[in-house]
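So that the names make sense, note that chain A is the first sequence line, chain B the second, and so on, each numbered from 1.
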Amino acid sequence: MSDRYKHSEIESKWQAAWEEQGLYDTAEDPSRPKWYALTMLPYTSGDLHTGHWYAMTPSDAAARYRRMSGYNVFFPIGFDAFGLPAENAAIQNNVHPQEWTYNNVERMQGQLRRMGAMWAWDREAISCDPEYYKWSQWFFLKLHEMGLAYREYAPVDWCPKCNTTLAHEQVWGEDRHCERCDTPVIKKDLNQWKFRITKYSEELLADLEKIDWPEPVKVMQTNWIGRSDGAQVTFFTEDGDPIEIFTTRPDTLWGATFMVLAPEHPLVDIITTPEQRSAVAECVEEAGRLDEIARTAEDKEKTGVFTGGYAINPVNGERIPIWVADYVLMGYGTGAIMAVPGHDERDFEFAKKHGLQILLVVQPPADSEAGHVRSADDLEAAWPGEGVMINSGPIDGTPAGKEEGESVKAAIAWLEENGKGTGAVNYRLRDWLISRQRMWGTPIPMIHCARCGTVPVKYADLPVRLPDDAQFKPTGESPLNYHEGFRYVTCPQCKGPAERETDTMDTFMCSSWYQYAYVDPYHKAGEPLAADDLPWDSGRGSYWLPVDQYTGGIEHATMHLLYTRFFTKALRDMNVVAFDEPMLRLFNQGIILGPDGERMSKSRGNVVNPDEYVDKYGADTVRGYLMFIGPWEHGGPWDPSAIEGVSRFLYRVWSVVLDEPHSNGAGSPADADVRGLERKLHQTIAKVSEDYGSFRFNTAIAALMEFNNYLIRVKDSFTGPDGGETEDGVWRESVRNLLLMMAPVFPHVSEELWQRLAEGGDAASVHLQAWPQADPEKAKEEEITVVVQVNGRVRDKLSVAPNTAEEELEAMALASNNVQRWMDGKQVRKVVVVADKLVNIVIG
RNA sequence: GGGUCGGUGGCGGAAUGGCAGACGCAGCGGACUUAAAAUCCGCCGGGGUGACACCCGUGUGGGUUCGAAUCCCACCCGACCUACCA
């Protein structure tokens, strides 16, 4: 017996050896095809949890497979190191967030090393390092110059627990709660910095076609961007003030019987008549207050008030009342709508409630449920569907619809001809609010001067550093506000007294460009920057970029994954990159659940600590188990007993490779045994290669287990009379290839066995070996089973050579005793023969 | 309300038009052991049989096909996302 598999010894041994050899250091090599594999960077929370293992170790296995397949693979790692938890810890424990963060980084680096992943540690980047965030600030200045960063006084979402504003994407759910702490947000009017992501709305939408991303992410981004095609139409009040509206149904303009303004709309004040003033003021106040209360699903009653003012419908000159209601949102479109109660559900509900006129302009077809409706009074609900335009002047008789020759197009053409409006596209996407009223983030490099206004910090003065001596008090206010040295500065333009911007950037800013930072982290460290610098070495950048394969969770679909696409387009327009999309392929893994099938959480007490299992079984087993659970994109529950199966597999591999055989064979193995093993080997290579290439680790591992079981079964046949192995190469080749195929998932045990197997004991690492190639000839079966069916039910099986002629199969099937028995003298109506598969005899 | 994905043994799953349940977990029986653990061998969807044969079976109901877990239609259930978007 050889010694047993001792994972703790070999794993730490090889991790140290690989590091010493620089096995995973990165070098650009134009002679080889590159592959940039990236897994979403971890936040410096303090501990790597099972979710990190589930996301990262399969990413590593895929990257290792690419590397063995001949690619020069870049698989970097770093830390998302700014954010609120560090600051909260600072307040609670009176430590600087930097200290808290770097303690966590150190612990997590150790945990990441235990994974045995091929991280390119030589390119590590940490986003709170001043040499990192000086480039975040450099980007900010560039975006500001391009008009893509701007400051605006506007109502914004504020989390009262985090004491900061949030971006639209970071407010979740119907109760509009904070993405981080679940607290319902409130509205505040504040001066805030934003990025003009909406400039790229159309491109962000259209370019989804260019990238190989999962359909659900594309759908979510598409919905989030929310393109609507319609028309912009100008109404006028009786006093001649214009009211712009956007509508997707300009064909129903003739059915507009009233207008509704959002409570925040600037015209509300102007058009409200004295009699209505108090009611309108109450409604506006109510709407403002409602924003501060968590809205529930039931709270959908359409409330609104008449302003007393009237507008003229530009298409037919009708005088229609103007209302104020909170179902019209200031943040979408123009904050004003024309209401067509006959054909819009919300308008219908509102009109019914307030006794407003309902007009029918689309006659529902006669065969529809609403087809008998001849007048609007009969309507039980709005009719948003098809039909023919009526009561609509120039477009009467046109079929309702958006296609060529139908009502929407016709209406837009008429509007444009008559100067009443234009075809228009509207997007739901809003600009990205990046200001955070917190200290532990990238300072926004701007200075407010009473004389010069808002002035950018000079490039050469970057980075704007966070102070080391900030005081953390539980006031809810950013320490930057009361740090005099940080706050009070001289104006870069007039040299007069000025105040530094104390907002910091959303941490999604750091992660919007981290894939570029990895290429050449902390570029120009310690050197002053200039406007025409490049943030990384251009040779390295053009070699590695863009990312070939990105892996991560779908929860970032409308945040990080949208922001980084925007950022890349902006970088392209500042001539920093030459491509349109940052990540060419994306794979979303599922979520690893607790043993109870629920999401892991401390409150449920179902959290699985990966370190515990690594101690007990080793990193290789934990890696393999996570990949064996099921399809990676599905996720699934952690089963503490099922991990035993993977552990046993590794012990069996150990034994099949190293142990003496149980009995000695007769000499050299029989030809059939040799061919059988060779066939199984090449079938396994084909299967495993295909599965690794498409992230199907569960079936790849199953194939490896099956192959190992085969090796165990036949081992004694390949044993020479003296107890040692025969000279025959197939056994040796099989074992070597088993280790090569295991290397991506089980890097340590594969390396250990590879080295022990090597003659002379000083072989190059298993991870530097070439991926084995399956030979289809050798993988071919000599004999296959063809199923014989009678009326679709299996009644017999034939053992034949592959490619046996169809006529021959048919003859054999008809001659079968079993078949004869089932045919029972009945007529053969038809015989279906599928070569190498089956014969189906249809009788009756 | 809208969208997306899914429903297969006791459990995780495999099979995406051709032998349902690969691989693994749990369970049962056996070997080894003073005993247990570990390990090894065998069984393992349900009914039926001494054993076969045979019958039933992939959420439910229909359909297409020589043949359906797989394709189509309707419905039921679950997960996730989204939601007054004009």
Problem set entry | B:C23 phosphate, OP1 or OP2, under 4.0 Å from A:Arg696 side-chain N/O | no

Exercise. What nucleic acid atoms does A:Val328 come within less than 4.0 Å of, heavy atoms only: base, sugar-phosphate, or nothing?
Worked result: base

Listing time: all N or O pairs from protein to nucleotides 18-21 of chain B that are below 3.5 Å?
residue : atom : partner  : partner atom : Å
B:G18   : N2   : A:Gln789 : OE1          : 3.4
B:C19   : O2   : A:Lys797 : NZ           : 2.6

For this session: Pick base, sugar-phosphate or nothing for A:Asp347, based on heavy-atom distances below 4.0 Å to the nucleic acid.
Result: nothing

Exercise. Atom NE2 of A:His556 to atom P of B:C80: distance rounded to whole Å?
Worked result: 18 Å

Problem set entry | Of the listed nucleotides B:A14, B:C23, B:C80, the one nearest the side chain of A:Arg599 | B:C80

Exercise. Judged by modelled atom types alone, do A:Ser228 and A:Asn426 share a side-chain donor-acceptor pair under 3.5 Å?
Worked result: no

For this session: Would you indicate what A:Ala642 reaches in the nucleic acid, counting non-hydrogen atoms under 4.0 angstrom: base, sugar-phosphate, or nothing?
Result: sugar-phosphate

Problem set entry | d(CD1, A:Ile712; C1', B:C41) in whole Å | 13 Å

Exercise. Whole Å only: how far is the CD1 atom of A:Ile337 from the P atom of B:C85?
Worked result: 10 Å

For this session: Starting from P on B:A38, measure out to CD on A:Glu644 and report it in whole angstrom.
Result: 8 Å

Problem set entry | For atom CZ of A:Phe707 and atom P of B:G24, their distance in whole Å | 15 Å

Problem set entry | Base orientation of B:G50, syn vs anti, 90° cut from 0 | anti

For this session: Have a look at A:Trp822 and say if it touches a base, only the backbone sugar-phosphate, or nothing, with a 4.0 Å heavy-atom cut-off.
Result: sugar-phosphate

Problem set entry | Whether A:Tyr625 side chain and A:Gly645 backbone form a donor-acceptor pair below 3.5 Å | no

Look for any protein N or O under 3.5 Å of an N or O in nucleotides 7-12 of chain B and output each such pair with its distance, or none.
residue : atom : partner  : partner atom : Å
B:G12   : O2'  : A:Ile629 : O            : 2.7

For this session: Round to a whole Å and report the spacing from CG of A:Asn791 to P of B:C66.
Result: 12 Å

For this session: Would you mind reading off the distance between A:Ile841 atom CD1 and B:G67 atom P, rounded to a whole angstrom?
Result: 15 Å

Problem set entry | Proximity to the side chain of A:Arg821 - top-ranked nucleotide from B:A53, B:C81, B:C55 | B:A53

Exercise. From B:G3, B:G24, B:A86, pick the nucleotide closest to the side chain of A:Tyr332?
Worked result: B:A86

For this session: Would you check if the distance from the ring center of A:Tyr54 to the ring center of A:Trp638 is below 6.0 Å?
Result: no

Seminar exercise, completed: 5'-most contact on RNA chain B (nearest-nucleotide basis), A:Tyr427 vs A:Arg795, goes to A:Arg795

Problem set entry | Distance test, side-chain N/O of A:Ser228 to OP1/OP2 of B:A86, below 4.0 Å | yes

Exercise. Side chains of A:Gln221 and A:Trp213: do they bring a donor and an acceptor to under 3.5 Å?
Worked result: no

For this session: Take the protein atom CG of A:Asp229 and the nucleotide atom C1' of B:A86, then report the distance between them rounded to whole Å.
Result: 14 Å

Exercise. Between B:C40, B:A26, B:A86, which nucleotide has the shortest distance from any of its atoms to the side chain of A:Arg652?
Worked result: B:C40

For this session: Assert yes or no for the condition that the ring centre distance of A:His168 to A:Trp224 is strictly below 6.0 Å.
Result: yes

For this session: Provide the distance between the two P atoms, one in B:A74 and one in B:C5, to the nearest whole Å.
Result: 15 Å

Exercise. Are A:Asp639 and A:Ser641 linked by a side-chain donor-acceptor pair shorter than 3.5 Å?
Worked result: yes

Exercise. What nucleotide, of B:A83, B:A14, B:A86, holds the atom closest to the side chain of A:Trp224?
Worked result: B:A83

Exercise. Expressed as a whole number of Å, how far does the P atom of B:G13 sit from that of B:C28?
Worked result: 24 Å

Exercise. Using the P atom in both, what is the distance from B:G57 to B:G10, to the nearest Å?
Worked result: 16 Å

Exercise. Quick one: is A:Asn709 getting a side-chain N or O under 4.0 Å of the B:A22 phosphate, OP1 or OP2?
Worked result: no

Problem set entry | Worked verdict on A:Phe350 versus A:Trp323 for ring-ring contact (aromatic ring centres under 6.0 Å, His included) | CA-CA 10 Å; A:Phe350 193 81; A:Trp323 285 62; 5.5 Å; yes

For this session: Please confirm whether the backbone N or O of A:Tyr617 pairs with a side-chain atom of A:Thr621, one donor and one acceptor, at under 3.5 Å?
Result: yes

Problem set entry | Closest to the A:Pro216 side chain, choosing from B:U4, B:A53, B:A86 | B:U4

Exercise. When the aromatic ring centroids of A:Phe348 and A:Trp383 are compared, is their separation below 6.0 Å?
Worked result: no

Problem set entry | Per A:Arg428 side chain, nearest of listed nucleotides B:A22, B:C55, B:A83 | B:A83

For this session: Report yes if at least one side-chain N or O of A:Arg648 is closer than 4.0 Å to OP1 or OP2 of B:C25; otherwise report no.
Result: yes

Exercise. Between the side chains of A:Tyr327 and A:Asp347, does any donor sit under 3.5 Å from an acceptor?
Worked result: yes

Exercise. Hey, is the main chain of A:Ala424 close enough, under 3.5 Å, to the side chain of A:Asp229 for a donor-acceptor pair?
Worked result: no

